[in-house]
Amino acid sequence: MNFMLRLGSKALYLFGVDLGFIDVRNHHSQSSAYYRADGSEVYNYQKAHGGGIPAKGNFIPMVFTKREFEVSRKLLEQAIEKAGRKLEIYNCSNGVYISGAMPLQPANILLEKHRINKYDAISELVDTAFYTPQPDYAEDIFNSLDIERFEQTIQQWLALFDTEITDSKTARQFVEEQWLLLRSTVKVPADPTFCLLYGSTNYFGGVLTKLASCISTDAPAILETFNQVRDIWRDYLITAKNEFIAQPLKFDDVNVGHLFQSKTTG
């Protein structure tokens, strides 16, 4: 929304901006990672997250949303409100109501007939709205990174895995030591560790923290699961280090589609 408003758009039509769902069984696009190719859910969404938060609907009185969608809705509303000029924004999505966007069924859209070549229009937009950054900037930024320092940091990180995890206390300490190490790299501008691994550490740190809090003598299987996840995290760090050092400018090509294929039994 901010991008389109910055371009100077005066009329916007919102499609697919549901930010909510009518049926808890259809909470995301069928093409998303929440569903398998046969249309079945990867996991029971309602059992894991509940039925959703009631919210005012765009076309119907009430739909269901969730906290992440609520944040998105509020950000959209703030962008519209702060635009500071007259806008025509139409919400054509069958989801939550967005203040500042008029509900409009797609069948009721009235557009003037213009003979415009869409490819020429896109080319004009790209040529007008974007510019090619100076390659010298990218080179200077890359040259400022200390790859050897990054490799040393990962070796320090991997050394934390040498400590045996035997109970909830040692498990929590292991997670805490990782955060201390990662935060320490912020003080070294040439070390790219924080930029490269902050998101991944958030994810694995969250999973390990939840498991650590459940470890007890009454639930020995949780400790085993913690160590299994820890092994996966260690392998991830090794792979991340090796692949970045080998091709630091490579684009992300991670594909997890195989995780959502329907399982067949022979």
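It should be emphasised that the depicted structure is a prediction, and the values quoted were computed from it without experimental measurement.
Pairing each heavy atom of Leu14 with each of Ala101, the nearest pair is CD1-CB, 4.3 Å. Heavy-atom minimum distance, Trp157 versus Thr193: CZ3-CG2, 3.9 Å.
Partners of Asp127 under the salt bridge (charged side-chain N to carboxylate O under 4.0 Å, His left out) rule, at least two apart in sequence or in another chain, do not exist in this structure. Tyr236 pairs by the ring-ring contact (aromatic ring centres under 6.0 Å, His included) definition with Phe204, Trp233, not counting sequence neighbours. Qualifying salt bridge (charged side-chain N to carboxylate O under 4.0 Å, His left out) partners for Glu148, counting only residues two or more places apart in sequence or in other chains: none. In this view, Arg149 satisfies the salt bridge (charged side-chain N to carboxylate O under 4.0 Å, His left out) rule with no residue, not counting sequence neighbours. Applying the salt bridge (charged side-chain N to carboxylate O under 4.0 Å, His left out) test to Asp23 and every residue at least two apart in sequence or in another chain returns Arg25.
Taking CD1 from Ile109 and OH from Tyr90, the interatomic distance works out to 9.5 Å, rounded to the nearest 0.5 Å. Between Asp18 atom CG and Thr65 atom OG1 the span is 10.0 Å, to the nearest 0.5 Å.
In this structure, a donor-acceptor pair under 3.5 Å is absent between the side chains of Asp120 and Ser123.
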Can you list the steps and then say if Ile89 with Ile80 is a side chain to side chain contact (heavy atoms under 4.5 Å, CB included)? CA-CA 9 Å; Ile89 300 181; Ile80 295 172; 3.6 Å; yes
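Atom CZ of Arg6 is surrounded by 12 or fewer heavy atoms from other residues, nucleotides or ligands within 6.0 Å. No more than 12 heavy atoms of other residues, nucleotides or ligands sit less than 6.0 Å from atom CD of Glu164. Heavy atoms from other residues, nucleotides or ligands lying under 6.0 Å from OH of Tyr119 number 12 at most. Other residues, nucleotides and ligands contribute more than 12 heavy atoms inside 6.0 Å of the CD atom of Gln156.
Using a 4.0 Å cut-off between a side-chain N of Lys or Arg and a carboxylate O of Asp or Glu, Glu176 and Arg172 do not qualify as a salt bridge. Between Arg67 and Glu70, no side-chain nitrogen of the basic residue sits less than 4.0 Å from a carboxylate oxygen of the acidic one, so the salt-bridge criterion is not met.
Outside the 6.0 Å centre-distance limit, the rings of Tyr97 and Phe59 are not counted as a close aromatic pair.
Legend: salt bridge (charged side-chain N to carboxylate O under 4.0 Å, His left out) pairs involving residues 218-247, not counting sequence neighbours: none detected.
With a 4.5 Å cut-off on side-chain heavy atoms, Asp191 and Val186 do not count as touching.
The main-chain N or O of Leu197 is found under 3.5 Å from a side-chain atom of Thr201 such that the two form a donor-acceptor pair. For the pair Glu41 (side chain) and Tyr35 (backbone), a donor-acceptor distance under 3.5 Å is absent. The backbone N or O of Ile98 sits nowhere less than 3.5 Å from a side-chain atom of Arg73 that would complete a donor-acceptor pair.
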